[in-house]
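The block underneath contains the structure these notes are about, expressed in structure tokens.
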2 protein chains.
Amino acid sequence: MTQRPVIDNDAVSELTTGRLSVYLRCLTYLESIEQTTVSSQELAKRFHLNSAQIRKDLAHFGELGTRGVGYNVSRLKAHLSRTLGIDRQRNVLIVGAGNLGLALADYRGFNTNGFHIVALLDVDPEKIGKTSRSGAPIAVWDELQTIVRSQAVEIGIIAVSAEAAQNVHDALASAGVCAILNFAPVQLRLRDDVKVKSVDLRINLESLSYYLKNSEDAACGTD
Amino acid sequence: MTQRPVIDNDAVSELTTGRLSVYLRCLTYLESIEQTTVSSQELAKRFHLNSAQIRKDLAHFGELGTRGVGYNVSRLKAHLSRTLGIDRQRNVLIVGAGNLGLALADYRGFNTNGFHIVALLDVDPEKIGKTSRSGAPIAVWDELQTIVRSQAVEIGIIAVSAEAAQNVHDALASAGVCAILNFAPVQLRLRDDVKVKSVDLRINLESLSYYLKNSEDAACGTD
DNA sequence: GCATGTGAATGGATTCACAGCT
DNA sequence: AGCTGTGAATCCATTCACATGC
């Protein structure tokens, strides 16, 4: 009847997926020190998590552990990679080749283990044709649609000013990008067929400021 | 009796302060277009928020609105600035002058309206003595304690590798910095007299990947 | 015995719906 | 009439505690 938005059937909450990412990182570490088995309690103690929550999170995906023993590190790691959809490469396009865009392009973790940055876009003629330190080419903004289609871009990153962000969002959406990571400090008008996650760096600073203000009287300090 | 950690008395939750930051930004915009009064409903409609939540959030701080009318834009804006503690300047030190550190130093919003970046620190001799584009000096890592004390640094930003992050955290804490914004993808061992907020860029990408995987069968498209 | 997986209990946060003020 | 401020109701997430299985 009505046009259904793209909805995940039995999907798990975003808070949970965030923790899955954390678990994945912990497991990668454990694998690197050649530990083969780990219990939820050990994970919790080592990485300051809650063991019940770990078990509940993992239980969403069937019985991954062995009672009396724990979880097999590499098997669980592989399972989480698959669950998060990073067992294959996803192509990423960064719009905005300013400081932030370039920093993200070279950020370890944005160009590895499932993600590949195909290019950055900008309007500044000075920048076009150059590359980021990691080698991602900087192309002209007009190429957006072409690049998205020819390079099978699945994720777009908005690293432009607040003013330009809505336009970039709309262009990415029209070009067929379904997932966007937005760094511009605005409330974007969203479309229900595109998933947008916003990271607002300023809000984090303000939150710390609030904390400081609230503990201004209390002692806080050096020993 | 026991040594009390620094606890905020009647403080409001972090989710709430995040929204206060958003409201503040909306009000700044409304002020710029010279609107003097706004109701919770209008705010909600304009910026895709929930009017009941706006009212509840604001009600924590007394009766800021006028029944039958709404809120006075600039009065509310001033109040939120005070509440968030950005009605005065807070000095910020960035540790790590790599791409991310430099991007943050030049990020509009990190060096304005209540925040001032006093310096970046690094270990690379190549970088020492230079400045970021915005003019923040890059100093040598050993100067951390000196700079924190002489420049009254209140907020530290960790923009170094995962491996180095714990050390940086500890050094900042010992130097007397009470609030830290961490960009390194690690679970830090925390101290209870220091507030740490972590921003994990990779987790956001993985969350989008999860979304993509879960809507892979469903249509997701262009127009 | 030991650790998982899970219903039940708790604790927060969001939303509803309306009383109370202008 | 209109909009705030707020108890009550709802929803969601976390934690507890134990039955289940290795």
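Chain identifiers are assigned alphabetically (A, B, ...) following the order of the sequence lines, protein sequences preceding nucleic acid strands; residue numbering begins at 1 within each chain.
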Quiz item: Quick one: is D:dA13 close enough that its OP1 or OP2 comes under 4.0 Å of any side-chain N or O from A:S13?
Solution: yes
Quiz item: Can you tell me how far P of C:dT6 sits from CG of A:L58, to the nearest Å?
Solution: 12 Å
Self-check item: Euclidean distance, atom NE2 of residue A:H60 to atom C1' of D:dC12 [Å, nearest integer]
Solution: 12 Å
Self-check item: Spacing between A:L15 atom CG and D:dC11 atom P, to the nearest angstrom
Solution: 18 Å
Self-check item: Nearest-nucleotide comparison on DNA chain D, the residue closer to the 5′ end among A:T16 and A:R67
Solution: A:T16
Quiz item: In whole Å, what is the span from the CG atom of B:D57 to the P atom of C:dA13?
Solution: 11 Å
Exercise. Taking only Lys NZ, Arg NE, NH1 and NH2, and the carboxylate oxygens of Asp or Glu, determine whether A:R25 and B:E206 approach each other closer than 4.0 Å.
Key: no
Exercise. Please determine if a side-chain N or O atom of B:T66 lies less than 4.0 Å away from the OP1 or OP2 oxygen of C:dT22.
Key: no
Quiz item: Considering heavy-atom distances to DNA chain D, does B:V69 or A:G68 have its closest nucleotide positioned more toward the 5' end?
Solution: B:V69
Quiz item: Could you give the NE2-to-C1' distance, from B:H48 to C:dT14, as a whole number of Å?
Solution: 19 Å
Quiz item: Looking for any heavy atom pair under 4.0 Å, which part of the strands does A:L64 touch: base, sugar-phosphate only, or nothing?
Solution: sugar-phosphate
Quiz item: Between B:D57 and B:Q53, is a side chain to side chain donor-acceptor pair (under 3.5 Å) present by the stated rule, with each step listed?
Solution: CA-CA 6 Å; B:D57 286 341; B:Q53 186 157 64; 5.1 Å; no
Exercise. Determine: side-chain N/O of A:N50 to OP1/OP2 of D:dT14, distance under 4.0 Å, yes or no.
Key: no
Quiz item: Is the number of heavy atoms from other residues, nucleotides or ligands under 6.0 Å of A:R189 CZ greater than 12?
Solution: no
Quiz prompt | Nearest to side-chain heavy atoms of A:A52, which nucleotide of D:dC16, D:dG5, D:dC3 | solution = D:dC16
Practice problem: Looking only at side-chain atoms of B:Q53, point me to the closest of D:dT4, D:dT14, C:dT15. | Solution: C:dT15
Self-check item: More than 12 heavy atoms from other groups under 6.0 Å of CZ on A:R46
Solution: yes
Quiz item: So, does the side chain of B:K56 form a donor-acceptor pair with the base of C:dT14 at under 3.5 Å?
Solution: no
Quiz item: Separation of A:R55 atom CZ from C:dG5 atom P, in whole Å?
Solution: 9 Å
Quiz item: Given atom CD of B:Q41 and atom P of D:dA1, what is their separation to the nearest angstrom?
Solution: 15 Å
Quiz item: Roughly how many Å is it from CD1 in B:I54 to P in D:dT6, rounded to a whole number?
Solution: 16 Å
Practice problem: Give a yes or no on whether the backbone of B:G85 and the side-chain of A:S209 come within a donor-acceptor separation of less than 3.5 Å. | Solution: yes
Practice problem: Using only side-chain N and O atoms of A:Y71, determine if any of them is under 4.0 Å from OP1 or OP2 of C:dG5. | Solution: yes
